[in-house]
There are 2 protein chains.
Amino acid sequence: MNSQSDNAVFQQHNHASCIHDALITAKKLCKERGLRLTDTRLRVLELIWQSHKPIGAYDILAQFGQEGRNSAPPTVYRALEFLQENGLVHRIASLNAFMGCVCPQEGHQGGFLICKQCKRAQEITEDTLRKQLLSLAQEQDFEVESMTLEISGLCTTCRTAQ
Amino acid sequence: MNSQSDNAVFQQHNHASCIHDALITAKKLCKERGLRLTDTRLRVLELIWQSHKPIGAYDILAQFGQEGRNSAPPTVYRALEFLQENGLVHRIASLNAFMGCVCPQEGHQGGFLICKQCKRAQEITEDTLRKQLLSLAQEQDFEVESMTLEISGLCTTCRTAQ
DNA sequence: GCTCAATTGTTATAACATTACATTTCTTAC
DNA sequence: GTAAGAAATGTAATGTTATAACAATTGAGC
């Protein structure tokens, strides 16, 4: 049993089915767009989803090693690049780590609540937030290409546990 | 003459006086708080302000080299750590670079508009934004410690120049 | 099956950051 | 003024993250 399984914020759904769903969605999405979700890419995406927290490129690489794939960094980074470009994965700059996107179909720019204690991250999908940020940039006559919003602190579980 | 000197967004004030003011403010602030703004720390802060765009730790190190200081990375990183801790400098995670804080007295969490073309960054000081983000986190019962907001795109000047 | 483009492999290296421990410099109490 | 302890800096080594450059392979469409 996962000790976090009762954490409403950080564990909104059954993890196994969530991984499964994410992969199904990714496959569908790639098919629709004529993108090649190759073995490597699929496996990287799977490992990212399997991790309950943001995962580093070299962690993925290490997993590849354990699985007998003798890959070098570019293999992983290229897969990550593909996944990011197509909105399947987000990079969290403040952690140098990667997370599966919970709503890849939307091509959005997510925000994250990152817990310093348990290292989990929760994606913020509020569209109102995004619109506010866009209008803020617009006020400055700034043309937004991408946004990085990473809020670091303590999640409910970790705070109450203290 | 600086080609960007007429850019209202990215060049809100005379740069020389802006550096000067920032250093004065920093000195005052450190004195008030009983902090030691040593030679190294002051010079790092100065170099950061002299750069018209976010500057990397190793760029600072290179400058140190040119000035005859034979410093190693820890020297610079320690100064940066001090400056960050005391709100004088922000780290921009998506760039691995540092910028002077325009309002160090407030101990705030800034946001940035980062231009991909000219590489300049403009700090967002809107307090309403900050409050909105805090309330958003609060809705999720998340205790905020720090925030990273980095919006990447094209500034007015670069967009109109295209 | 051939061709071209996309993907992956491979080697090396760049870029960013920290650890650990020695040395120096400051501050404070005497 | 000076000794003791704390703070800051020097130094060497290494850890971590990411990319460049070019070769080899694979896959899709003809």
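Proteins come first, then strands; the chains are lettered A, B, ... in the order of their sequence lines, and each starts at number 1. Just so it is clear, the values below take in all heavy atoms, side chains as well, and ignore hydrogens, waters and symmetry mates.
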Expressed in angstrom and rounded to an integer, what is the separation of [X] atom [atom1] from [N] atom [atom2]?
{"X": "Leu42(A)", "N": "dT8(C)", "atom1": "CG", "atom2": "P", "value": "11 Å"}
{"X": "Leu95(A)", "N": "dA18(D)", "atom1": "CG", "atom2": "P", "value": "11 Å"}
{"X": "Phe82(B)", "N": "dA17(C)", "atom1": "CZ", "atom2": "P", "value": "20 Å"}
{"X": "Phe98(A)", "N": "dT17(D)", "atom1": "CZ", "atom2": "P", "value": "10 Å"}
{"X": "Asn86(A)", "N": "dA6(C)", "atom1": "CG", "atom2": "C1'", "value": "14 Å"}
{"X": "Leu80(B)", "N": "dA15(C)", "atom1": "CG", "atom2": "P", "value": "18 Å"}
{"X": "Leu35(A)", "N": "dG27(D)", "atom1": "CG", "atom2": "P", "value": "17 Å"}
{"X": "Phe64(A)", "N": "dT10(C)", "atom1": "CZ", "atom2": "C1'", "value": "16 Å"}

State whether a side-chain donor-acceptor pair under 3.5 Å links [X] with [Y].
{"X": "His90(A)", "Y": "Glu123(A)", "answer": "yes"}
{"X": "Glu126(B)", "Y": "Thr128(B)", "answer": "yes"}
{"X": "Glu150(A)", "Y": "Ser94(A)", "answer": "yes"}

First locate atom CE of Met99(A), then atom CG of Leu88(A), and finally report the distance between them rounded to the nearest 0.5 Å.
13.5 Å
Side-chain N or O of Asn96(A) less than 4.0 angstrom from OP1 or OP2 on dA18(D)?
yes
Only distances under 3.5 Å count here; give the side-chain donor-acceptor pairs of residues 59-68 of chain B to other protein atoms, sequence neighbours excluded, each with its distance to 0.1 Å.
unit_1   : atom_1 : unit_2   : atom_2 : d
Asp59(B) : OD2    : Gly56(B) : N      : 3.2
Glu67(B) : OE1    : Arg43(B) : NE     : 3.1
Glu67(B) : OE2    : Arg43(B) : NE     : 3.0
Glu67(B) : OE2    : Arg43(B) : NH2    : 2.5

More than 12 heavy atoms of other residues, nucleotides or ligands under 6.0 Å from NZ of Lys53(B): yes or no?
no
For nucleotides 24-28 of chain C, tabulate all protein N/O to nucleotide N/O atom pairs closer than 3.5 Å, reporting atom names and distance.
none

Side chain to side chain, Leu35(B) and Phe82(B), heavy atoms closer than 4.5 Å:
yes
Any heavy-atom pair between the side chains of Lys27(A) and Lys31(A) that's under 4.5 Å?
no
Please say which of Ile48(A), Leu47(A), Leu45(A) ends up in a side chain to side chain contact (heavy atoms under 4.5 Å, CB included) with Phe98(A).
Ile48(A)
Give each protein N/O atom lying under 3.5 Å from an N/O atom of nucleotides 9-15 of chain D, with the pair distance.
unit_1  : atom_1 : unit_2   : atom_2 : d
dT9(D)  : OP1    : Thr38(B) : OG1    : 2.6
dG10(D) : OP2    : Thr75(B) : OG1    : 3.1
dG10(D) : N7     : Arg78(B) : NH2    : 2.5
dG10(D) : O6     : Arg78(B) : NH1    : 3.1

